[in-house]
Amino acid sequence: MNSNIRPDTMERITNFDLANKFIDEQVEEIRRQVGDKKVLLALSGGVDSSVVAALLIKAIGKQLVCVHVNHGLMRKGESEAVIDMFGKTLEANLIYIDATDRYLDLLAGVSDPESKRKIIGKEFIEIFAEEARKLEGIEFLAQGTIYPDILESVKQAEGKKAVKSHHNVGGLPEDLKFELCEPIKLLFKDEVRVVGEALGLPHAMVYRQPFPGPGLGVRCLGAITRDRLHALREADAILRDEFDKCGLAEKVWQYFVIIPDIKSVGVKDEGRYEGWPAIIRAVNTKDAMTASIEEIPYAVLHKICARITSEVEGINRVLYDITPKPTGTIEWE
Ligand code: XMP
């Protein structure tokens with residue numbers, strides 16, 4: 001699949017029969033392209049990189065080397081899920097790098113959102129390149145590029161202005177020259193999910209809500225501190241748990257917690273308790289260009305508020321953001 005243009009004749013993959021046909025074709029194509037050489041993949045645990053990993057494992061097994069960089073800004077349990085699924089269940093060649101300290105040290109005191117994004121993106125390239133240099137005989141780089149990414153880069157080449165710099169992975173350094181392997185680059189997201197399930201990936205992984213590359217880094221507003229980041233991760237896990245329990249997780253496009261760098265006075269155990277507010281955001285959208293608010297039932301909001309304020313150290317209030325996009329963007333930074 002060398003062309004970057006989806007042919008008009010390409011059938012939309014809507015069921016397992018079509019997905020299995022696509023998988024068989026790609027397995028053959030990957031084996032033809034790669035031969036007995038090795039392929040490197042940055043496996044974030046997002047839908048696209050996970051599906052590419054599963055496809056390549058099926059095609060070339062241990063010739064694929066997956067690198068999972070934990071930047072310390074993942075949601076609760078995410079890196080563990082990558083290790084369980086790919087390292088243990090699928091027995092992939094997986095290199096796990098815990099770069100939490102490295103990232104949090106670099107980000108300390110940095111409050112400008114775009115500077116945070118730049119640091120997170122640049123550091124990822126550096127860590128990934130360091131690993132790539134240690135490995136022998138890698139000739140290919142696999143990427144989870146999908147068709148909307150290609151359409152988006154065409155738009156950017158035409159000079160359309162972006163509100164935020166969403167692109168997380170820039171080019172690798174000059175000395176690392178790999179041939180690209182992009183087996184899902186002509187697929188739309190819904191097709192990627194069908195292919196993922198046909199490959200046996202868990203439903204929760206394949207239908208995971210979108211998560212920005214800079215992760216919790218753009219939801220721990222301003223300069224990130226370890227204690228506030230920890231509170232954010234715990235509060236976000238409670239929100240996700242409650243959304244799972246009441247069926248909203250299946251319905252809402254993106255839902256998450258934000259914690260700003262402000263404290264207010266509260267009361268706990270009959271004493272003054274200064275804490276951060278946890279802000280809840282739940283939005284629906286088709287293309288992330290505009291978004292509407294999910295009207296979370298009050299009973300669910302009460303439960304979330306009660307759990308977050310009692311279970312998470314440092315939080316004394318829960319707020320609910322009812323702003324659509326525009327005027328708000330989906331993320332706060
Ligand atoms: P905004 O905040 O621009 O977000 O309305 C639109 C969608 O993009 C995601 N987002 C990002 N994704 N890197 C990413 O990969 C980023 O830096 C980034 N910033 C925002 C956001 O989560 C939403 O789905």
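Just so you know, ligand 1 is whichever comes first in the structure, and atom 1 is the first atom listed for that ligand.
In terms of N/O distances under 3.5 Å, ligand 1 is approached by Glu331. In terms of N/O distances under 3.5 Å, ligand 1 is not approached by Arg219. The shortest N or O to N or O distance between Phe211 and ligand 1 is not below 3.5 Å. Considering both main-chain and side-chain atoms, Arg117 comes within under 3.5 Å of ligand 1 through a nitrogen or oxygen pair. For ligand 1, the polar-atom distance check finds an N/O of Gly213 within less than 3.5 Å of one of the ligand's N/O atoms.
Side-chain contact of Glu123 with His71: a donor-acceptor pair under 3.5 Å is absent, judged by distance alone.
The proximity of Trp253 to ligand 1, defined as any non-hydrogen pair under 4.0 Å, is limited to the side chain.
Judged by distance alone, with hydrogens and angles left aside, the side-chain atoms of Lys325 form a donor-acceptor pair with the main-chain N or O of Ala288 at under 3.5 Å. In this structure a side-chain-to-backbone donor-acceptor pair under 3.5 Å is present from Ser49 to Ser44. Formation of a donor-acceptor pair under 3.5 Å by the Tyr103 side chain with backbone atoms of Phe124 is found in this model.
Taking a cutoff of 4.0 Å between a charged side-chain nitrogen and a carboxylate oxygen, Glu152 and Lys155 qualify as a salt bridge.
Taking every non-hydrogen atom of Pro214 and a distance limit under 4.0 Å, the qualifying atoms of ligand 1 come out as 13 (N), 16 (C), 17 (O). Taking a cut-off of under 4.0 Å to the non-hydrogen atoms of Thr329, the atoms of ligand 1 that pass are 1 (P), 2 (O), 5 (O).
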task: Give the intermediate values and the outcome of side-chain contact (heavy atoms from CB on, under 4.5 Å) for residues Leu40 and Phe128.
output: CA-CA 10 Å; Leu40 188 61; Phe128 190 67; 3.7 Å; yes

